[in-house]
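For reference, the structure discussed in these notes is given below.
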Amino acid sequence: MLNEPTRLEPLEQGAMTTDAHTTLDLHFDLEAAYRGAYEAYRASGVDKALDPADKEFAGSEAWRQEHYFRVGADALRLIVQNLIANNRSPPSRILDFPSGSGRVTRHLRAFFPHSEIVACDLYESHIAFCAQRFAAVPYLSREHLDDLSFEGSFDLIFCGSLLTHLPQKEVEAALRLIARSLSPRGIALVTFQGRYSDHIQRNKWKYLADRLYARAQRAVRWRGFGYVDYEPSFRAVFSAQARYGVTLVRPHWVMRALEPREEIRILSYAERAWDDHQDVLVFGRPGIND
Ligand SMILES: C[S@@+](CC[C@H](N)C(=O)[O-])C[C@H]1O[C@@H](n2cnc3c(N)ncnc32)[C@H](O)[C@@H]1O
């Protein structure tokens with residue numbers, strides 16, 4: 001039982017007015033605002049232009065294109081679900097990190113036409129494409145994420161399929177970076193390759209050769225985190241960095257990495273949530289004791 005009545009947070013940004021008196025009213029006000037944005041997104045459609053250099057879209061088969069757009073839309077579904085679930089007004093400032101060539105950015109732009117969207121990636125051509133097509137602000141990343149910082153803070157950070165490819169030191173640096181880049185009511189969605197990845201490697205498709213995967217798998221079973229570099233032939237595509245590969249985690253490792261951070265609240269961890277594949281961690285500000 002609660003000792004004191006819950007104090008309602010005022011909705012910021014003047015996005016909507018409400019005379020609601022309960023969190024349930026606030027929830028449905030927000031849902032209505034997001035439904036309006038969804039109807040506009042459906043009416044305007046998503047920019048379908050593809051960057052020939054987009055690493056997420058190799059090959060011309062129809063199913064690849066269909067999958068590409070489905071994955072982007074599924075990221076938007078998760079973002080909207082979590083904004084509503086955590087009582088957040090539509091974000092004014094969004095960071096898509098890493099943007100690649102806009103698999104997710106294009107959906108963010110169509111859904112949040114008035115928001116500032118920063119597209120950050122390690123490769124210049126990706127962010128230039130996002131700037132040109134999706135009116136994003138391009139921002140070049142750094143190989144070592146402790147060396148990266150942003151001007152200002154973000155109401156929403158989507159970190160999709162980056163910590164699925166980096167060694168432990170960089171994953172820890174990325175979590176620090178994201179936590180310190182959130183606005184006072186900002187939330188972050190961060191994806192990981194979790195328990196389901198072993199099933200994929202065994203039964204569906206190969207992240208990389210079994211003998212290499214087994215090295216990351218041994219480590220993840222032992223201590224909750226495993227990493228192995230991609231084969232050199234594949235790594236040539238990622239020429240701006242010394243390390244790029246397959247990262248596997250277990251939920252307990254992610255929780256332990258975040259637990260000491262009092263400036264954030266851990267909001268959820270959902271397995272196999274993005275594209276029926278990657279796990280999705282959600283955390284945000286204000287901090288646990290604020
Ligand atoms: C699997 S893709 C995901 C891109 C995008 N989120 C999407 O869903 O299409 C991984 C991206 O991470 C970028 N990347 C790798 N290392 C990075 C770093 N240190 N900082 C920012 N981006 C990086 C790569 O260039 C690539 O575009």
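In each ligand, atom 1 is the first atom listed, and ligand 1 is the first ligand listed. Hydrogens, waters and symmetry mates are skipped; everything else that's a heavy atom, side chains included, is used.
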What protein heavy atom lies closest to [atom]? Include the residue and the distance to one decimal.
{"atom": "atom 19 (N) of ligand 1", "value": "Arg142 O, 3.0 Å"}
{"atom": "atom 6 (N) of ligand 1", "value": "Pro98 O, 2.7 Å"}
{"atom": "atom 9 (O) of ligand 1", "value": "Arg103 NE, 2.9 Å"}
{"atom": "atom 25 (O) of ligand 1", "value": "Asp121 OD1, 2.6 Å"}
{"atom": "atom 20 (N) of ligand 1", "value": "Ser141 OG, 2.7 Å"}
{"atom": "atom 1 (C) of ligand 1", "value": "Glu56 OE2, 3.2 Å"}

Distance-only polar pair, side chains of [X] and [Y], donor-acceptor under 3.5 Å:
{"X": "Tyr213", "Y": "Asp198", "value": "yes"}
{"X": "His67", "Y": "Asp275", "value": "yes"}
{"X": "Gln201", "Y": "Asp210", "value": "yes"}

Show which atoms of ligand 1 fall inside a sub-4.0 Å distance from at least one heavy-atom site of [X].
{"X": "Tyr123", "value": "25 (O)"}
{"X": "Leu145", "value": "19 (N), 20 (N)"}
{"X": "Lys55", "value": "25 (O)"}
{"X": "Trp274", "value": "8 (O)"}
{"X": "Ser161", "value": "1 (C), 2 (S), 3 (C), 10 (C)"}
{"X": "Tyr244", "value": "10 (C), 15 (C)"}
{"X": "Leu162", "value": "12 (O), 14 (N), 15 (C), 16 (N), 17 (C), 23 (C)"}
{"X": "Gly100", "value": "4 (C), 27 (O)"}

Begin with the C-alpha distance, continue with both residues' side-chain angles, and end with the deciding distance and a verdict on side-chain hydrogen bond (donor to acceptor under 3.5 Å, both in side chains) for Arg42 and Tyr38. CA-CA 6 Å; Arg42 288 300 299 259; Tyr38 176 61; 2.9 Å; yes
[X] vs [Y] aromatic rings, parallel, tilted or perpendicular, using cut-offs 30° and 60°?
{"X": "His277", "Y": "Tyr207", "value": "tilted"}
{"X": "Tyr244", "Y": "Tyr230", "value": "tilted"}
{"X": "Tyr34", "Y": "Phe112", "value": "perpendicular"}

Short N/O distance, under 3.5 Å, between Gln241 and ligand 1?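 Yes - when backbone and side-chain N and O of Gln241 are compared with those of ligand 1, one distance drops under 3.5 Å.
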With respect to Gly160, determine whether any N or O atom, backbone or side chain, lies less than 3.5 Å from an N or O atom of ligand 1.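 Min N/O separation from ligand 1 is below 3.5 Å for Gly160.
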Sequence-distant partners of Trp222, ring pair (Phe, Tyr, Trp, His ring centres under 6.0 Å), two or more places apart: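 So Trp222 forms no ring pair (Phe, Tyr, Trp, His ring centres under 6.0 Å) with any residue.
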Decide side chain to side chain contact (heavy atoms under 4.5 Å, CB included) for Tyr227 and His165; before the verdict, give the C-alpha distance in whole Å, the side-chain angles of both, and the deciding distance to 0.1 Å. CA-CA 8 Å; Tyr227 171 84; His165 296 290; 5.9 Å; no
Is [X] touching ligand 1 with its side chain, its backbone, both, or neither, if touching means heavy atoms under 4.0 Å apart?
{"X": "Glu143", "result": "backbone"}
{"X": "Tyr139", "result": "neither"}
{"X": "Glu170", "result": "neither"}
{"X": "Phe158", "result": "neither"}

Given Arg250 and Phe225, is the side chain to side chain contact (heavy atoms under 4.5 Å, CB included) satisfied, shown in steps? CA-CA 7 Å; Arg250 292 292 179 261; Phe225 188 99; over 6 Å; no
Any cation-pi pair here, Arg109 with Phe134, using under 6.0 Å and within 45°?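 Because its charged atom misses either the 6.0 Å distance or the 45° angle limit, Arg109 does not stack over Phe134.
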Passes side chain to side chain contact (heavy atoms under 4.5 Å, CB included), Val282 versus Tyr269? Steps please. CA-CA 6 Å; Val282 184; Tyr269 186 96; over 6 Å; no
